[in-house]
There are 2 protein chains.
Amino acid sequence: MSEPLAYIVDDDEAMRDALNWLLRSRQVKTATWPSAEAFLAEWHEDLSGCLILDIRMPGMSGLELFDQLQDRRCLMPVIFLTGHGDIPQAVAALKKGAYDFLEKPFDDNSLVDRVIAALAVDSARRSKQIHSDEITARLAQLSPRERQVMQHILAGKFNKVIADEMQIAMRTVEVHRARIFEKMGVRSAVDLAQLLAGIKNQ
Amino acid sequence: MSEPLAYIVDDDEAMRDALNWLLRSRQVKTATWPSAEAFLAEWHEDLSGCLILDIRMPGMSGLELFDQLQDRRCLMPVIFLTGHGDIPQAVAALKKGAYDFLEKPFDDNSLVDRVIAALAVDSARRSKQIHSDEITARLAQLSPRERQVMQHILAGKFNKVIADEMQIAMRTVEVHRARIFEKMGVRSAVDLAQLLAGIKNQ
DNA sequence: GCGCGCACTGCGGATATCCACAATTGTCGA
DNA sequence: TCGACAATTGTGGATATCCGCAGTGCGCGC
């Protein structure tokens, strides 16, 4: 988990420098990249922050980079900058999940406000993701049989009913149940249901 | 719950007729309104479908109507149409929750596809809302005391612990518990947790 | 062969949950 | 005043959950 930065990707060095200076004047840490390819080559999922992305660049475009990042489940909010955009392009980007879309020239304060807001969004997303990853790791510790028993538990069934349906002894259900609670770090079926509900709607 | 329609709001009668004809040719039912005020006067929360909304109209604008509808918790997806829009306007509308944003003149097929997609979104939202309303109605049936006990149950506590914390007899906790499950239509604390989790993330 | 993990089982005892039956008290509205 | 509802409580009995202790069998890797 790296420190949150605003990542600036633009082939225009003057623009990179201007954005760099602007954001740093508002205490936002930055890193800059001259091309989509260069950024992508160094991207990894633990980079945190947001991405300020020029659309029109030689080689890979901003939109193409965005697609690539989405394919890789990148969580960072993306703010598109464009000097020659149009409404359909803006609408399509936002509907695809981009965080914002600005035309150049832009209002300095407005841009920084949006970057700061995007960083907050990233932070919230990342906290959720860390939590979700932890639960997923616990689930991965369950044996196949435990997983089956867990589904029945979550369906609110009595141990006796579970035993009947799985054609095993009730004592066995109890053993699996205890092991599930232990591995999942919960003390009751309600705790378990709440824990799993918390990652289900993400 | 009325039948799902595409509601067309545009001051330009020729546009209303053209949209009407276009959508009906693809079996989409429609209704038309010549002004934002006229639509708003007849709007009620059980109207289902989607809204095709011209931005620029005399009197109340499409954007103002959108704000009004959001204030009233309107679920219908809104598709904005504009002959004179710009990127910031489109971005702002989408970030505020509009479903789509199209420039005139538009591609006929593209518009109808988006309307059909918006109708599906409305349908899904409405199903969720009906379910959520039902749970909320059940919750409204609980007495104040029952509500308190329910929070403890959902925290996974033993009846004995709940009794201690609330300074009542364990038998009283059991009575409340049984009443809660009955009113909520569940048979166990797990069922209850799952039921409430289902409406929590909406 | 040995150790480990998984799946399974039984016994006995303790605690938790559930509930029929019964009752009391207080508040509110007709 | 009366009836409905909410909050509370006790008794006794049935069922459900939990678990220590003990054990078996199978598959897998070293």
Side-chain angles (χ1 to χ4, degrees), chain A residues 131-200, chain B residues 131-200:
Chain A
H131 177 66
S132 177
D133 288 345
E134 192 184 314
I135 308 305
T136 301
R138 290 187 209 170
L139 283 170
Q141 288 182 313
L142 299 179
S143 72
R145 206 61 171 159
E146 284 163 354
R147 247 182 233 110
Q148 285 177 15
V149 170
M150 187 177 77
Q151 294 312 312
H152 288 283
I153 290 171
L154 292 172
K157 296 175 189 174
F158 291 161
N159 289 349
K160 174 176 163 182
V161 172
I162 297 170
D164 285 346
E165 291 183 5
M166 293 177 73
Q167 291 179 307
I168 49 177
M170 202 161 67
R171 185 74 187 92
T172 304
V173 174
E174 290 170 2
V175 169
H176 284 314
R177 192 185 180 96
R179 303 262 314 156
I180 290 161
F181 288 178
E182 184 193 339
K183 288 178 180 179
M184 298 304 295
V186 298
R187 293 184 313 160
S188 70
V190 175
D191 289 341
L192 181 64
Q194 310 251 30
L195 186 71
L196 295 182
I199 67 166
K200 191 172 166 187
Chain B
H131 177 66
S132 177
D133 288 346
E134 191 183 313
I135 307 305
T136 300
R138 291 188 208 169
L139 284 170
Q141 289 181 313
L142 299 180
S143 73
R145 206 63 168 155
E146 283 162 355
R147 249 183 231 107
Q148 284 177 17
V149 171
M150 188 176 78
Q151 295 311 311
H152 289 283
I153 291 171
L154 291 173
K157 295 174 189 175
F158 291 161
N159 289 347
K160 177 175 162 182
V161 171
I162 296 170
D164 284 346
E165 292 185 7
M166 294 179 70
Q167 291 181 305
I168 52 176
M170 199 159 70
R171 182 74 189 96
T172 304
V173 174
E174 290 169 1
V175 169
H176 284 316
R177 192 185 181 96
R179 303 268 305 164
I180 290 162
F181 289 179
E182 183 193 338
K183 288 178 179 178
M184 296 308 293
V186 297
R187 295 184 309 159
S188 69
V190 175
D191 289 342
L192 180 64
Q194 310 251 33
L195 187 70
L196 295 182
I199 67 168
K200 191 172 166 189

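Lettering of chains follows the sequences in order, A, B, ..., and the numbering in each one begins at 1.
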To the nearest 0.5 Å, tell me how far [X] [atom1] sits from [Y] [atom2].
{"X": "B:Arg171", "Y": "B:Asn159", "atom1": "CZ", "atom2": "CG", "result": "10.5 Å"}
{"X": "A:Gln194", "Y": "B:Leu196", "atom1": "CD", "atom2": "CG", "result": "8.0 Å"}
{"X": "A:Glu165", "Y": "A:His152", "atom1": "CD", "atom2": "NE2", "result": "5.5 Å"}
{"X": "A:Ser188", "Y": "A:Leu195", "atom1": "OG", "atom2": "CG", "result": "10.5 Å"}
{"X": "B:Leu139", "Y": "B:Met184", "atom1": "CG", "atom2": "CE", "result": "4.0 Å"}

Verify the contact: side-chain N or O of B:Asn159 to OP1 or OP2 of C:dA16, cut-off strictly under 4.0 Å; return yes or no. no
So, is A:His176 close to the C:dC6 phosphate, meaning a side-chain N or O under 4.0 Å from OP1 or OP2? no
Once you round it to whole Å, what is the distance between [atom2] of [N] and [atom1] of [X]?
{"X": "A:Glu174", "N": "C:dG12", "atom1": "CD", "atom2": "C1'", "answer": "12 Å"}
{"X": "B:Glu182", "N": "C:dC18", "atom1": "CD", "atom2": "P", "answer": "14 Å"}
{"X": "A:Ile180", "N": "D:dC18", "atom1": "CD1", "atom2": "C1'", "answer": "14 Å"}
{"X": "B:Ile162", "N": "C:dT17", "atom1": "CD1", "atom2": "C1'", "answer": "11 Å"}
{"X": "A:Phe181", "N": "D:dC19", "atom1": "CZ", "atom2": "C1'", "answer": "14 Å"}
{"X": "A:Ile153", "N": "D:dA16", "atom1": "CD1", "atom2": "P", "answer": "16 Å"}
{"X": "A:Arg147", "N": "C:dC6", "atom1": "CZ", "atom2": "P", "answer": "11 Å"}
{"X": "A:Arg177", "N": "C:dA7", "atom1": "CZ", "atom2": "P", "answer": "17 Å"}

Quick check for you: among D:dA7, C:dC18, C:dT9, whose closest atom lies nearest to any side-chain atom of A:Ile168? C:dT9
Per A:Arg145 side chain, nearest of listed nucleotides D:dT9, C:dA7, D:dA16: C:dA7
Map A:Ala178 and B:Arg179 onto DNA chain D by nearest heavy atom, then report which one ends up closer to the 5' terminus. B:Arg179
Would you mind telling me which residue lines up with the more 5' stretch of DNA chain D, A:Met170 or B:Gln167, judged by nearest nucleotide? B:Gln167
Counting the atoms with a prime plus P, OP1 and OP2 as sugar-phosphate, which does [X] contact under 4.0 Å by heavy atoms, base, sugar-phosphate, or nothing?
{"X": "A:Arg187", "result": "nothing"}
{"X": "B:Arg171", "result": "base"}
{"X": "B:Ser143", "result": "sugar-phosphate"}

Go nucleotide by nucleotide along DNA chain C from the 5' end; which of A:Lys183 and A:Thr172 gets its closest nucleotide reached first? A:Lys183
